[in-house]
Chemist: 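Before I ask anything, here is the structure I am working with.
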Amino acid sequence: MKEPKAYSQDQLNQTLWDAANSSRANVDAAIYKDYALLFLFYKYISDLHKHEVEKLVKRYGKDPDRIAMRLKKFRFVLPKGTSFAEVYKKKSEDNIGELINIALHAIEDANGDRLEGLVSIDFNSDAVLGRTEQRNKMLRNLMDSFAKMDLTLAGDDVIGNAYMYMIERFGSDAGKKAGEFFTPHSVATLVAKLAAPRPGWRICDPACGSGGLLLLAGAEIEAQGSKDYALYGQESIGSTYNLARMNMFLHGKDSARLEWGDTLNHPLLKEGDSLMKFDLVLANPPFSLKKWMGDSTENDPYNRFHRGLPPKTKGDYAFISHMVETAKAGEGKVVVIVPHGVLFRGAAEGRIRKCLLEENLVDTVIGLPSNLFQTAAIPVAILILDRSREAGGRNEKRKDVLFVEASRLFKPGKARNYLEPEHIARILDVVRKRKDVEKLCRVVLPEEIQENDYNLNITRYVDTFEEEEAVDIKANLRELVQIDAELKVLEKEMAGHLKALGLVN
């Protein structure tokens, strides 16, 4: 008997998207994604469990005690009657949504802390999925589509990448809500490569969304032939936090530590009473978050805002301050996506920016094209802050700031613009070489930035002005005289033709 053929990445991406999206009916993409992606996770762990049982039966025969003992060491525990295949047999029941809920909560309970709280949605909800007939039709279609697939035919990388592909596809349909759970893949790839993580690093995303940035940073280390790294993240939205947890499991990153809560007011990644410190902190935090400040922010017990308290109506520098303070002193790196206002706004933000520059922490400022994000058409920037430039750090002698004006490097699309691999490669090349390139990048000394009142607006430092071609007025006048003469000849010919046709006297 032929072994079933493994899924290719493209094949699995399309198969899963068709399975999930074709059953959606009238449910909003931003909501439906939570159901479809949890279902994908459910089917995957069910398939893994089924194959593990089959292997154990081959090895130990039908000895239920030995099989049960071995299954306790498996990645996920599935109590009897809870697997996808077992629930699928009951798909015609009127209460199929309730049966799915029961199975998923039983799996959650059986796996203790690892899956605690993972099932935060209701497959039997009238309010979200519609009345019984509509809801059951959608769930049965979804189950039928997934029943055709054996997800063990994809390794962790392939299934994990397919999950991220689906997140991005749902993000494209979710409009402004997409910013809550994903960063466009090309932008996230650029951030991960700019971060240049190394084996042995602890990596954190304090606004981790569905976890894509963390996984891409880890992939950069694995490309160096090492799996020696640790991932940490915190996310404030519960459903998005659960997407991130499943993303880690599907990529085989079961040891990643993710927390659910408000990073700015209740940071949970701690060692004792102190904040954890990381080799790399990277993030795409919500732009200019309003009402971010809590009751105790002014007396922050971790002293994260010692450079100044950001304004209540804009949380950008609150995230930046947190990231800098959780990067290891003298060596940690911060890579963060920000709106352009962060580069030049005054008042409290201007004072914080001045402090960061005077502490020699600002290493690179990169301006990206507009309309890269589903959530905002505005151009954004990437800030790289480097604590190895502090006194005593290995780069303390580096005092300049590299400005990169990359707003023209993109491929236009219908809904949004894209960074192609060649655009990413071009940006990485100039950042690594750190040399002036006309109309693209410039290395600027601190004295010049000080003269500009610590304004980091990129066009102050990188001249992108394109001279228009000089106009030869005399030549244009001669051409007009020639055209006028030719026009008179044509008018005379036309009058002759009209007279010959008897249309004029």
Chemist: Pairing donors with acceptors under 3.5 angstrom, does anything connect the side chains of Asp10 and Gln14?
Modeler: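 No, no side-chain donor-acceptor contact under 3.5 Å.
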Chemist: Which pair of heavy atoms, one from Leu37 and one from Met166, lies closest together, and at what distance?
Modeler: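 Closest approach of Leu37 to Met166, heavy atoms only: CD2-CB, 3.9 Å.
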Chemist: Would you say the side chain of Cys204 lies within less than 4.5 Å of the side chain of Leu280, judging by non-hydrogen atoms?
Modeler: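 No; the side chains remain at least 4.5 Å from each other.
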Chemist: Can you see which heavy atom on Met293 is nearest to which on Pro311, and at what distance?
Modeler: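 Taking every non-hydrogen atom into account, CE-C, 4.4 Å.
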Chemist: Do His49 and Glu52 have a side chain donor and acceptor closer than 3.5 Å?
Modeler: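 Not at all, the side chains of His49 and Glu52 share no donor-acceptor pair under 3.5 Å.
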Chemist: Quick one: list whatever passes ring-ring contact (aromatic ring centres under 6.0 Å, His included) with Tyr88, sequence neighbours left out.
Modeler: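 Counting only residues at least two positions away or on another chain, Tyr88 forms a ring-ring contact (aromatic ring centres under 6.0 Å, His included) with Phe84.
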Chemist: Under 3.5 Å, is there a donor-acceptor pair linking the side chains of Ser120 and Asn242?
Modeler: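 Note: Ser120 and Asn242 side chains meet the donor-acceptor criterion.
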Chemist: Less than 4.5 Å apart, any side-chain heavy atom of Ile382 and any of Val336?
Modeler: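 Ile382 does not reach Val336 side chain to side chain.
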Chemist: Would you say Leu258 and Leu214 make side-chain contact, with heavy atoms under 4.5 Å?
Modeler: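 In contact.
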Chemist: If the test is side-chain contact (heavy atoms from CB on, under 4.5 Å), which one of Gln234, Glu235, His322, Glu259 qualifies with Pro206?
Modeler: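 Looking at Gln234, Glu235, His322, Glu259, the match for Pro206 under the side-chain contact (heavy atoms from CB on, under 4.5 Å) is His322.
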Chemist: Any side-chain donor paired with an acceptor under 3.5 Å for Ser274 and Glu271?
Modeler: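 Distance-only check fails for Ser274 and Glu271.
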Chemist: In Å, rounded to the nearest 0.5 Å, how long is the span from CG of Asn161 to NE2 of His251?
Modeler: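 One gets 4.5 Å once the value is rounded to the nearest 0.5 Å.
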Chemist: Looking at CG of Asn124 and CD1 of Ile96, how far apart are the two atoms once the value is rounded to the nearest 0.5 Å?
Modeler: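 Those atoms lie 10.0 Å apart.
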Chemist: To the nearest 0.5 angstrom, please state how far the CZ atom of Arg135 sits from the OG atom of Ser125.
Modeler: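 These two atoms lie 7.5 Å from each other.
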Chemist: Between Glu298 and Arg304, does at least one N-O distance fall below 4.0 Å, as a salt bridge requires?
Modeler: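 Looking at Glu298 and Arg304, the cut-off is not met.
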Chemist: Compute the centroid of each ring, for Phe41 and then for Phe76, and state whether the two points are separated by less than 6.0 Å.
Modeler: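 Yes, the ring centres sit under 6.0 Å apart.
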Chemist: Quiz question: by atom type and distance under 3.5 Å, do the side chains of Asp262 and Asn265 form a donor-acceptor pair?
Modeler: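 Per modelled atom types, Asp262 and Asn265 side chains form a pair under 3.5 Å.
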Chemist: Compute whether any side-chain donor of one residue and acceptor of the other, for Ser226 and Asp228, lie under 3.5 angstrom apart.
Modeler: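 No, Asp228 and Ser226 have no side-chain donor paired with an acceptor closer than 3.5 Å.
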Chemist: Return the orientation label for the Tyr232 and Phe278 ring planes: parallel under 30°, perpendicular over 60°, tilted otherwise.
Modeler: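 Tilted.
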Chemist: To the nearest 0.5 Å, what is the distance between CG on Leu115 and NE2 on His105?
Modeler: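 Between Leu115 CG and His105 NE2, I get 12.5 Å after rounding to 0.5 Å.
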Chemist: Measuring from Thr152:OG1 to Glu54:CD, what's the distance to the nearest 0.5 Å?
Modeler: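 Answer rounded to 0.5 Å: 8.5 Å.
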Chemist: Are Phe305 and Tyr317 near enough that their ring centres are under 6.0 Å apart?
Modeler: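 No, the ring of Phe305 stays outside the 6.0 Å limit from the ring of Tyr317, centre to centre.
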Chemist: Are side-chain heavy atoms of Asp205 and Leu231 found at a separation under 4.5 Å?
Modeler: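 Contact flag for Asp205/Leu231 side chains = no.
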Chemist: So do Trp260 and Leu268 actually touch side chain to side chain, heavy atoms under 4.5 Å?
Modeler: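 No, side chains not in contact.
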Chemist: Report the residues that fulfil salt bridge (Lys or Arg N to Asp or Glu O under 4.0 Å) with Glu222, sequence neighbours left out, ordered by chain and then residue number.
Modeler: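 Once residues adjacent in sequence are excluded, the partners of Glu222 under the salt bridge (Lys or Arg N to Asp or Glu O under 4.0 Å) criterion are Lys253.
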Chemist: For a side-chain contact (heavy atoms from CB on, under 4.5 Å) with Ile366, tell me which candidate from Leu194, Val335, Val191 qualifies.
Modeler: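 Checked Leu194, Val335, Val191 against Ile366; only one passes side-chain contact (heavy atoms from CB on, under 4.5 Å): Leu194.
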Chemist: Is the closest side-chain heavy-atom distance between Leu38 and Ile121 below 4.5 Å?
Modeler: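 In contact.
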Chemist: Under the ring-ring contact (aromatic ring centres under 6.0 Å, His included) test, which residues partner Phe146, sequence neighbours left out?
Modeler: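 Listed in chain order: Phe39.
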Chemist: Taking the ring centre of each residue, are Phe123 and Tyr35 less than 6.0 Å apart?
Modeler: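 Ring centres of Tyr35 and Phe123 closer than 6.0 Å.
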Chemist: Sequence neighbours excluded, which residues qualify as ring-ring contact (aromatic ring centres under 6.0 Å, His included) partners of Tyr163?
Modeler: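 Per chain and number, Tyr163 pairs via ring-ring contact (aromatic ring centres under 6.0 Å, His included) with no residue.
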Chemist: Can you see whether Thr132 engages Asp94 through a side-chain donor-acceptor pair at a distance of less than 3.5 angstrom?
Modeler: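 The criterion, which ignores hydrogens and geometry beyond distance, is not satisfied for Asp94 and Thr132.
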Chemist: Can Asp316 and Ser288 be counted as having a side-chain donor-acceptor contact under 3.5 angstrom?
Modeler: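 Yes.
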Chemist: Check whether the side chains of Asn101 and Asp122 place a donor and an acceptor atom closer than 3.5 Å, and report yes or no.
Modeler: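 Yes.
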Chemist: Do Leu129 and Gln134 touch side chain to side chain, with heavy atoms closer than 4.5 Å?
Modeler: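 The answer is no, as the side chains (C-beta and beyond) never meet within the 4.5 Å cut-off.
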Chemist: Can you list the residues that meet the side chain to side chain donor-acceptor pair (under 3.5 Å) rule with Glu325, with sequence neighbours excluded?
Modeler: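 In terms of side chain to side chain donor-acceptor pair (under 3.5 Å), with neighbours along the sequence ignored, Glu325 is linked to His306, Arg307.
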Chemist: So, for Leu216 and Thr189, which heavy atoms are closest and what is the spacing to 0.1 Å?
Modeler: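 Reported closest heavy-atom pair: CD1-N, 3.8 Å.
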Chemist: Identify, with sequence neighbours excluded, every residue that meets ring-ring contact (aromatic ring centres under 6.0 Å, His included) alongside Tyr229.
Modeler: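 Per chain and number, Tyr229 pairs via ring-ring contact (aromatic ring centres under 6.0 Å, His included) with no residue.
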Chemist: How long is the span from the CG atom in Asn247 to the CG atom in Leu215, to the nearest 0.5 Å?
Modeler: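 These two atoms lie 5.0 Å from each other.
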Chemist: Between Ile337 and Phe287, is any pair of side-chain heavy atoms under 4.5 Å apart?
Modeler: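 Yes, their side chains come closer than 4.5 Å.
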